[in-house]
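Worksheet for the structure shown next.
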Amino acid sequence: MKIIDWYILKRYLGTFTVMILLFIPIGIVIDISEKINKILENNIALKHVLNYYLDFTIYFANMLFPIFLFISVIWFTSKLANNTEIVAILSSGISYFRFLRPYIVGATIISIFALIMGVFVVPKASLGYNDFRYKYLKRTEIRATQNVYKQISENEYIYVSNFNYNDKTGFNFTLEKFDKTILQYKIKATRIIYNEDTKDYTLMNYEKRTVGALDDKIEKADRKVIDFDFEIDDLTPTIYAAETMSLKELNKFIEKETLRGSSNINAYLVVKYRKYSIPVSAFILTIIAVAVSSMKRRGGMGINLALGIALAFIYIFFDKIFGTLAEASSMNPLLAVWIPNVAFGILAVYLLNNAKR
């Protein structure tokens with residue numbers, strides 16, 4: 001790479017880093033101001049608070065990564081344009097696409113970093129961030145508790161009319177096992193309690209009906225302990241479970257939840273596909289930012305920054321809207337996640353062609 005390439009690349013990575021270091025503390029201060037009363041009311045240990053804000057930093061840096069990248073590229077590219085450095089570079093005989101090379105190299109570095117963070121680091125930060133919020137701050141129900149119906153294996157189905165996760169207790173429990181389409185046996189209980197120490201279940205008013213060729217066999221007991229193959233967390237996963245898993249864990253989780261007929265599959269798939277779409281957005285947003293800010297405009301950097309911030313928030317808006325549609329409807333999650341990148345990819349090509357002229 002030539003000197004000019006290193007110059008642009010260092011500005012690219014340096015401005016992006018400074019942008020994150022500048023805005024994250026602001027976000028932390030705002031969050032503290034909103035939550036300080038609840039933190040003091042709950043007497044939360046300082047160690048837990050510090051761990052929460054470390055997870056908060058990683059979680060929100062990943063979530064707002066497109067905005068930070070977009071604004072940082074527009075910022076330093078606008079400065080290059082205002083100082084007529086871009087005019088000098090292009091006047092020396094370098095083509096516009098050649099001028100873009102250090103930007104693409106920078107976007108590649110950022111994309112690889114974002115992918116590694118999204119697969120390995122962000123899930124752990126998301127777990128700590130969400131657990132802290134729901135344990136100490138929100139204290140609202142984050143699991144399915146009414147009419148829980150699950151397929152726990154290829155031939156077994158369970159149902160509880162009501163489930164209390166804190167007490168690990170379900171009511172009106174039913175388990176049915178089939179051989180293809182033929183019912184083999186059915187277990188019923190008025191209450192099922194998970195025993196954390198022994199990892200088994202206590203069934204109250206237990207009844208088992210085994211279907212026979214000529215007549216059925218019925219077994220009853222006031223109280224019976226059974227070791228089932230499922231766990232409580234498998235029965236009612238938290239709503240943010242997918243965010244807390246690595247890619248390998250997430251694939252297994254989706255496969256298991258699909259087999260069980262979970263109604264949240266689309267939400268889990270959206271999380272999976274975003275692990276790939278966010279790194280790709282680095283290239284698209286970089287190209288748009290360069291195309292918008294590489295020309296010297298009347299009004300200076302303010303116009304470029306205003307346009308850039310508007311486009312960045314439109315991108316985030318599209319991403320959230322289509323992600324929500326996929327989670328709440330039958331819209332294909334892969335299509336929903338990639339629509340913002342495709343739409344802004346087309347915009348990037350259009351703006352790049354105009355800027356090149």
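Keep in mind that the numbers below use all heavy atoms, side chains included, and drop hydrogens, waters and symmetry copies. Note that the structure is predicted; figures quoted are calculated from it, not measured.
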State, yes or no, whether a side-chain contact exists between [X] and [Y] at a heavy-atom distance under 4.5 Å.
X    : Y    : result
R11  : L80  : yes
Y59  : E243 : yes
N251 : K272 : yes
K208 : K217 : no
T258 : Y268 : no

Between [atom1] of [X] and [atom2] of [Y], what distance do you get to the nearest 0.5 Å?
X    : Y    : atom1 : atom2 : result
L269 : E327 : CG    : CD    : 10.5 Å
D222 : N205 : CG    : CG    : 6.5 Å
F113 : I116 : CZ    : CD1   : 8.0 Å
T84  : L90  : OG1   : CG    : 11.5 Å
F171 : M204 : CZ    : CE    : 11.0 Å
L137 : I39  : CG    : CD1   : 6.5 Å

Pairs where residues 206-228 contributes a residue and the test ring-ring contact (aromatic ring centres under 6.0 Å, His included) is met, not counting sequence neighbours: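 Passing the test, one end in residues 206-228: F173-F228, Y201-F228, F228-F230.
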With sequence neighbours left out, what residues match [X] under side chain to side chain contact (heavy atoms under 4.5 Å, CB included)?
X    : answer
E176 : T174, F178, L183, K186
K252 : K248
E156 : I152, S153, L175, K177, Y185
L22  : none

Hydrophobic cluster membership, [X] vs [Y], 4.5 Å side-chain cutoff:
X    : Y    : value
Y157 : I192 : no
L335 : L325 : yes
I346 : V290 : no
L13  : V18  : no
W6   : I8   : yes

Flag, side chain of N195 to backbone of T198, donor-acceptor distance under 3.5 Å: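 The answer is no, because no donor-acceptor pair under 3.5 Å joins these two groups.
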Can a donor-acceptor pair be found, under 3.5 Å and without considering hydrogens, that links the side chain of S293 to the backbone of A289?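 Looks like yes, one N/O pair under 3.5 Å.
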Tell me every residue that passes salt bridge (Lys or Arg N to Asp or Glu O under 4.0 Å) with [X], counting only those two or more places apart in sequence or in another chain.
X    : value
D216 : R209
K188 : none
K124 : none

Run the side-chain donor-acceptor check on residues 62-71: report pairs under 3.5 Å with partners two or more places apart or on a different chain.
none

Sequence neighbours left out, what pairs pass salt bridge (Lys or Arg N to Asp or Glu O under 4.0 Å) with at least one residue falling in residues 314-326?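 For residues 314-326: R274-D319.
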Take V73 and L285, measure what side chain to side chain contact (heavy atoms under 4.5 Å, CB included) needs, and give me the verdict at the end. CA-CA 9 Å; V73 174; L285 296 178; over 6 Å; no
Worked check of side chain to side chain contact (heavy atoms under 4.5 Å, CB included) between I44 and F132: CA-CA 10 Å; I44 305 172; F132 183 92; 3.7 Å; yes
Start with the C-alpha gap between M117 and I58, add the side-chain angles, then the distance that decides, and say whether side chain to side chain contact (heavy atoms under 4.5 Å, CB included) holds. CA-CA 9 Å; M117 290 286 290; I58 297 171; 3.9 Å; yes
Check the surroundings of atom [atom1] in [X]: do more than 12 heavy atoms from other residues, nucleotides or ligands lie under 6.0 Å from it?
X    : atom1 : result
K38  : NZ    : no
Y276 : OH    : no
F318 : CZ    : no

Side chain to side chain contact (heavy atoms under 4.5 Å, CB included), that's the test. Do K224 and E219 meet it? Break it down for me. CA-CA 11 Å; K224 189 175 182 66; E219 177 188 350; 3.6 Å; yes
Can you see which heavy atom on [X] is nearest to which on [Y], and at what distance?
X    : Y    : value
G118 : P123 : O-CD, 3.4 Å
V160 : G170 : CG1-CA, 4.3 Å
I226 : L203 : CD1-CD2, 4.1 Å
N266 : M331 : ND2-O, 3.7 Å
P25  : L21  : CD-O, 2.9 Å
Y12  : I110 : CE2-CG1, 3.8 Å

Under a 3.5 Å threshold, yes or no: a donor from one side chain and an acceptor from the other, between N172 and Y159?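 Distance-only check fails for N172 and Y159.
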Set out, in order, the CA-CA distance, both residues' side-chain angles and the distance that settles ring-ring contact (aromatic ring centres under 6.0 Å, His included) for F23 and F60, then state yes or no. CA-CA 10 Å; F23 280 96; F60 275 93; over 10 Å; no
Plane angle bin for Y240 and Y134 - parallel if under 30°, tilted between 30 and 60°, otherwise perpendicular: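 Answer is parallel, since the angle falls under 30°.
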Residues two or more places apart in sequence or in another chain: which of them pass side chain to side chain donor-acceptor pair (under 3.5 Å) with T17?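 Result, side chain to side chain donor-acceptor pair (under 3.5 Å) vs T17: none returned.
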Do any side-chain atoms of residues 47-54 form donor-acceptor pairs under 3.5 angstrom with protein atoms, and if so which ones, sequence neighbours left out?
| unit_1 | atom_1 | unit_2 | atom_2 | d |
| --- | --- | --- | --- | --- |
| N51 | ND2 | K47 | O | 3.3 |
| Y52 | OH | D31 | OD2 | 3.2 |
| Y53 | OH | D31 | OD2 | 2.9 |
| Y53 | OH | I32 | N | 3.4 |

Please determine whether a side-chain nitrogen of the Lys or Arg among R98 and D5 lies less than 4.0 Å from a carboxylate oxygen of the Asp or Glu.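 Result for this pair is yes, salt bridge flagged.
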